[in-house]
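One structure below.
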Amino acid sequence: MDDQTRMLASMGGLGGLSQADVGDPDSVRKQQDIGDILQQIMAITDESLDEAQARKHALNCHRMKPALFSVLCEIKEKTVLSIRGVQEEDPPDPQIMRLDNMLLAEGVSGPEKGGGSAAAAAAAAAAGGSPNDSSIEHSDYRAKLAQIRQIYHSELEKYEQACSEFTNHVMNLLREQSRTRPISPKEIERMVAIIHRKFSSIQMQLKQSTCEAVMILRSRFLDARRKRRNFNKQATEVLNEYFYSHLSNPYPSEEAKEELAKKCGITVSQVSNWFGNKRIRYKKNIGKFQEEANLYAVKTAVDAANVSAQASQANSPATPNSGGYPAPCYTPDGRL
DNA sequence: ACATATGATTAAGA
DNA sequence: TCTTAATCATATGT
């Protein structure tokens with residue numbers, strides 16, 4: 001209402017009519033006519049609701065109404081545009097573009113299941129490793145991702161629906177109001193743009209949190225520490241055998257590592273990890289490993305004895321060379 | 001539930 | 001680049 005009264009006041013003698021008309025007695029009549037209409041419009045708020053309603057209707061049907069309305073729109077257009085300037089165009093937000101790209105890359109916002117699972121399968125293949133394990137892990141991963149994706153889509157749909165509903169509502173409201181106050185199509189457009197901006201900022205939050213969820217999911221599944229599996233018994237046995245039979249220098253060469261890896265069904269770097277852990281842990285607490293050391297010393301001794309076909313003799317183990325690491329204190333009867 | 005074992009990661013150093 | 005040492009996060013045993 002504020003705009004309206006201000007505008008009406010500023011109009012003064014009605015800019016809609018050209019100066020040439022002023023002298024014309026007919027135009028004078030028109031002027032009075034319009035002045036009368038404006039008076040009625042300005043007074044409308046002072047009337048009771050019913051009266052105002054009736055008055056509005058009457059004014060709406062007035063023959064001058066369309067002309068007056070378009071003039072008012074024109075004036076309002078000018079004032080509003082001059083007040084707000086021209087800061088219409090908003091650049092595509094780099095932030096939201098980043099989020100969009102990431103969601104697309106993760107297969108959250110992209111095409112349906114087909115593409116996503118294919119990408120996941122490709123990722124699984126690229127990651128390598130034992131097929132049993134990783135396929136299980138990845139199906140789990142895929143399931144969680146699908147969950148995120150589903151939530152994302154349903155939320156997005158909700159937002160979009162709410163946005164269009166709200167936009168419709170506002171547009172209807174404006175259209176309704178445009179019957180009694182000057183509202184130009186441009187204004188409606190601008191309003192719609194504003195609403196869309198607001199809603200897209202909400203959407204951005206959704207995208208942001210979805211991205212976070214995906215990141216967390218990724219870190220959960222990609223961090224190998226989280227899906228730690230112990231090596232099987234036979235593998236640890238092989239590793240321990242090597243370790244304790246090379247106690248003085250438990251640093252397998254690249255080739256040795258490769259062979260151990262093959263024997264144990266693990267990767268070379270896993271062998272390296274194992275030896276790294278084993279060395280440091282053995283060194284840190286030799287006492288704790290004494291029993292194990294003896295056990296493997298016996299084992300290798302027995303093996304050696306078997307291989308050399310000297311089974312008849314009592315075990316006389318070839319105590320492993322003791323260098324940097326103290327040798328286990330082995331007792332012939334196998335006790336500690 | 002808790003402690004211990006264990007595979008993986010990381011920073012720092014040689 | 002490989003190792004050590006510390007640390008993380010899970011697995012396993014009690």
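None of these values were measured; they are calculated from a predicted model. Residue numbers begin at 1 in each chain, while the letters A, B, ... track the order of the sequences.
For DNA chain B, the outermost nucleotides in 5' to 3' order that have an atom under 4.0 Å from a heavy atom of chain A are B:dA5 to B:dT9.
C:dT1 atom C1' lies 11 Å from atom CD of A:E254, rounded to whole Å. Atoms CZ (A:F231) and P (C:dT10) sit 17 Å apart, rounded to a whole Å. In this structure, CG of A:N285 is placed 15 Å from C1' of C:dA5, rounded to the nearest angstrom. In this structure, CD of A:E258 is placed 12 Å from P of C:dC2, rounded to the nearest angstrom. One interatomic measurement links the two molecules: CG of A:N273 to C1' of C:dC8, which rounds to 13 Å at whole-angstrom precision.
Take the nearest nucleotide of DNA chain B for A:N277 and for A:K288: the residue whose nucleotide is more 5' is A:K288. Each of A:K284 and A:S272 was assigned the nucleotide of DNA chain C with the nearest heavy atom; the assignment lying further toward the 5' end belongs to A:S272. Nearest-nucleotide assignment on DNA chain C puts the 5′-proximal partner with A:K257, out of A:K257 and A:N230.
Residues A:Y251 and A:H246 form no side-chain contact, since every pair of their non-hydrogen atoms from C-beta on lies 4.5 Å or further apart.
A salt bridge does not link A:K158 with A:E165: every distance from a Lys NZ or Arg NE/NH1/NH2 to an Asp or Glu carboxylate oxygen is 4.0 Å or more.
With hydrogens and angles ignored, a donor-acceptor pair closer than 3.5 Å exists between the side chain of A:R281 and the base of C:dT7.
A continuous path of hydrophobic side-chain contacts links A:V170 to A:V192 [ILVMFWY only; heavy atoms under 4.5 Å].
Listed by first then second residue, pairs satisfying ring-ring contact (aromatic ring centres under 6.0 Å, His included) with a partner in residues 165-185 of chain A number zero, not counting sequence neighbours.
For A:F275 and A:Y242, the gap between ring centers is short of 6.0 Å.
Remark: A:D36 engages no residue in a salt bridge (Lys or Arg N to Asp or Glu O under 4.0 Å) (not counting sequence neighbours).
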